[in-house]
Colleague: 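Submitted below is the structure of interest, expressed as structure tokens.
In what follows, chains are A, B, ... by sequence order, proteins preceding strands, each numbered from 1.
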2 protein chains.
Amino acid sequence: MYNDKFYLEILKNKNSVFSDLSDTDKETLFNHHSCNRYKKGEIIFKEGNRPTALICLVEGKVKIFKEGVGGREQIVRLARPGGFIGYRALFAKENYLASAIAIEESIVCSIDKEDLYHIMENNVQICLKILQMTATELGMSNTRTVSLTQKHIRGRLAESLLFLIETYSFEDDNSTIKAYLSREDIANLSNMTTSNAIRTLSTFAGEKVISLDGRRIKILNLSKLRKISELG
Amino acid sequence: MYNDKFYLEILKNKNSVFSDLSDTDKETLFNHHSCNRYKKGEIIFKEGNRPTALICLVEGKVKIFKEGVGGREQIVRLARPGGFIGYRALFAKENYLASAIAIEESIVCSIDKEDLYHIMENNVQICLKILQMTATELGMSNTRTVSLTQKHIRGRLAESLLFLIETYSFEDDNSTIKAYLSREDIANLSNMTTSNAIRTLSTFAGEKVISLDGRRIKILNLSKLRKISELG
DNA sequence: TAAAAAAAGTGCGATTTCGCAATAATTTTA
DNA sequence: TAAAATTATTGCGAAATCGCACTTTTTTTA
């Protein structure tokens, strides 16, 4: 158990809401979890499905997105290892309002709803932590709404790049974003057309704010990127 | 106590998360709450403030909004009696990310953070209900992000009107929206300029979808309004 | 490894929405 | 109740962004 990625990322990891559980509870969760592997592009769940478990991302990257007007996709969130997927619908006792797709080879582990609630009902502190996490995400969602609606294209794209850095951090060179999204995904994250994402990335490269090599994005001038994001 | 609005709206009301509390707990909350009256336009809290209590709206209407690029306002949520204000920041243990202003004469009651947490820590079911409420609002926020970014002006305005109906319902005539917002607030709710809100409202009136009389908005064709909202 | 498919990049006219000024109507204040 | 302030309305020109077609490059598949 102690070498298992689920244990390490979800139960032991200091940032996980489960890190303060008793060893007994951790063992219970460990004994009840099940894992799945998804290839790039595979669907983990779709809008409208009923959640039956808490899905934990243990390895890889997953996009959570909604389909809007004319099927146009808006990425709501990107998950990283140690994070949960689809927990909102589970705790709201609703069907999924968004879909989840692996954007690279990923491993997810599931904790059955009943097992989870059993532990939550006997542990207020876990509930409060999950509540805190949910409330924090609600704040980010509201902030995001304002950014996506009010900032201009350059500001939105800059913000998305900063968001990618925050979520997936840099490679060892300390400047290459450790995420290799398609131009389309970058566009769907930033509320713009693919053409405009491409165009604006090129402009940033021309301004020496970033450099591009296929899907590899290197940040050359972080403070300028921040300024572009702030000015909208 | 049993005739008090705080008791009726917040503790007794079946829709409130506190409705299932024991009588003892209800009494404790009742004995610890304090009330305030705000005139139209008065600030209840501002972005950056530290939350110290759970604020409950007992009477009136309150807008929760964020200031974006160039001070431009985006209304994030509208509260109605029986609802909470600023609970997100409280449970996220953050400062407020939005401001709250009474849009009509309002009465709000506060439950001190410590009193509230004391009850929550001894009552998992309350925590789970608050979690459910927060997760539900997160879903609405994500849905709203997509609407506000992808729908065109007509769709956004139609959605806002439907949202006002859902939140504040109709007057006794079953067609006048029981909310009298300024054109500016309607615009800030719908992510558009005041001019465009006015223009588009006029267009709707010309199409006999609504009728206008100052701030009074009467819905003449609800299904058409729904269609406009859905088509974007 | 050649063909097919998918993704990336570019150009430009069409639309949407904004910005702002000017005016009118309504509400508040002295 | 008259003056001042706020809110509502209207009209364009300007700017931002989209839509879409077309080309090039990269990746996948047979």
Colleague: To the nearest Å, how far apart are B/Lys40 NZ and C/dT28 C1'?
Modeller: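 Rounding to the nearest Å, NZ of B/Lys40 and C1' of C/dT28 are 11 Å apart.
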Colleague: Taking for each residue the nucleotide of DNA chain D with the nearest heavy atom, is it B/Arg199 or B/Leu181 whose nucleotide lies nearer the 5' end?
Modeller: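 The answer here is B/Leu181.
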Colleague: Of the candidate nucleotides D/dT17, C/dG9, C/dC18, which contains the atom at the shortest distance from the side chain of B/Arg72?
Modeller: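 Comparing D/dT17, C/dG9, C/dC18 against the side chain of B/Arg72, the answer is C/dC18.
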Colleague: Can you measure A/Leu212 atom CG to C/dT10 atom C1' for me and round it to whole angstrom units?
Modeller: 15 Å
Colleague: If you assign each of A/Thr194 and B/Ile153 to its closest nucleotide in DNA chain C, which residue comes earlier from the 5' end?
Modeller: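 On the 5' side of the pair lies A/Thr194.
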Colleague: Please state whether the rings of B/Phe6 and B/His33 are parallel, tilted or perpendicular, taking 30° and 60° as the class boundaries.
Modeller: parallel
Colleague: Identify, between A/Asn196 and A/His152, the residue whose nearest nucleotide on DNA chain C lies closer to the 5' end.
Modeller: A/Asn196
Colleague: Looking across every strand, which nucleic acid part, if any, lies under 4.0 Å from A/Arg215 by heavy atom: base, sugar-phosphate, or nothing?
Modeller: sugar-phosphate
Colleague: Decide, yes or no, whether a salt bridge links A/Glu73 with A/Lys63 under the criterion of side-chain N to carboxylate O below 4.0 Å.
Modeller: yes
Colleague: Figure out the CD/P separation between B/Gln150 and D/dG19, and round it to whole Å.
Modeller: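 About 10 Å, once rounded to whole Å.
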Colleague: Could you tell me the separation between the OH atom of B/Tyr180 and the C1' atom of D/dA8, rounded to a whole number of Å?
Modeller: 18 Å
Colleague: Within 45 degrees of the axis of the six-membered ring of A/Phe204 and under 6.0 Å from its centre: does A/Arg199 put its NZ or CZ there?
Modeller: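 Pair A/Arg199/A/Phe204 does not count as cation-pi.
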Colleague: Using whole Å, what does the distance between atom P of nucleotide C/dT15 and atom CE of A/Met192 come to?
Modeller: 23 Å
Colleague: If the cut-off is 4.0 Å, is B/Arg183 near the phosphate of D/dT9, judged by side-chain N/O to OP1 or OP2?
Modeller: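 Yes, B/Arg183 has a side-chain N/O under 4.0 Å of OP1/OP2 on D/dT9.
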Colleague: Quick one: the side chain of B/Ser195 and the base of C/dC18, do they pair up donor-acceptor inside 3.5 Å?
Modeller: no
Colleague: D/dT10 phosphate, OP1 or OP2: any side-chain N/O from B/Ser202 under 4.0 angstrom?
Modeller: yes
Colleague: May I have the distance from A/Arg216 (atom CZ) to C/dA7 (atom P), rounded to whole angstrom?
Modeller: 20 Å
Colleague: Any side-chain donor paired with an acceptor under 3.5 Å for B/Asn221 and B/Ser223?
Modeller: yes
Colleague: Could you check how far NZ of B/Lys151 sits from P of D/dC18, rounded to whole Å?
Modeller: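 To the nearest whole Å, that distance equals 18 Å.
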Colleague: What is the distance, rounded to the nearest whole Å, between atom CG of A/Leu148 and atom P of D/dA16?
Modeller: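 Spelled out: CG on A/Leu148 to P on D/dA16 is 19 Å.
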Colleague: Should B/Arg37 and B/Glu105 count as an ion pair when the cut-off is N to O under 4.0 Å?
Modeller: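 Yes, charged N to carboxylate O under 4.0 Å.
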Colleague: Report yes if at least one side-chain N or O of A/Ser182 is closer than 4.0 Å to OP1 or OP2 of C/dA7; otherwise report no.
Modeller: no
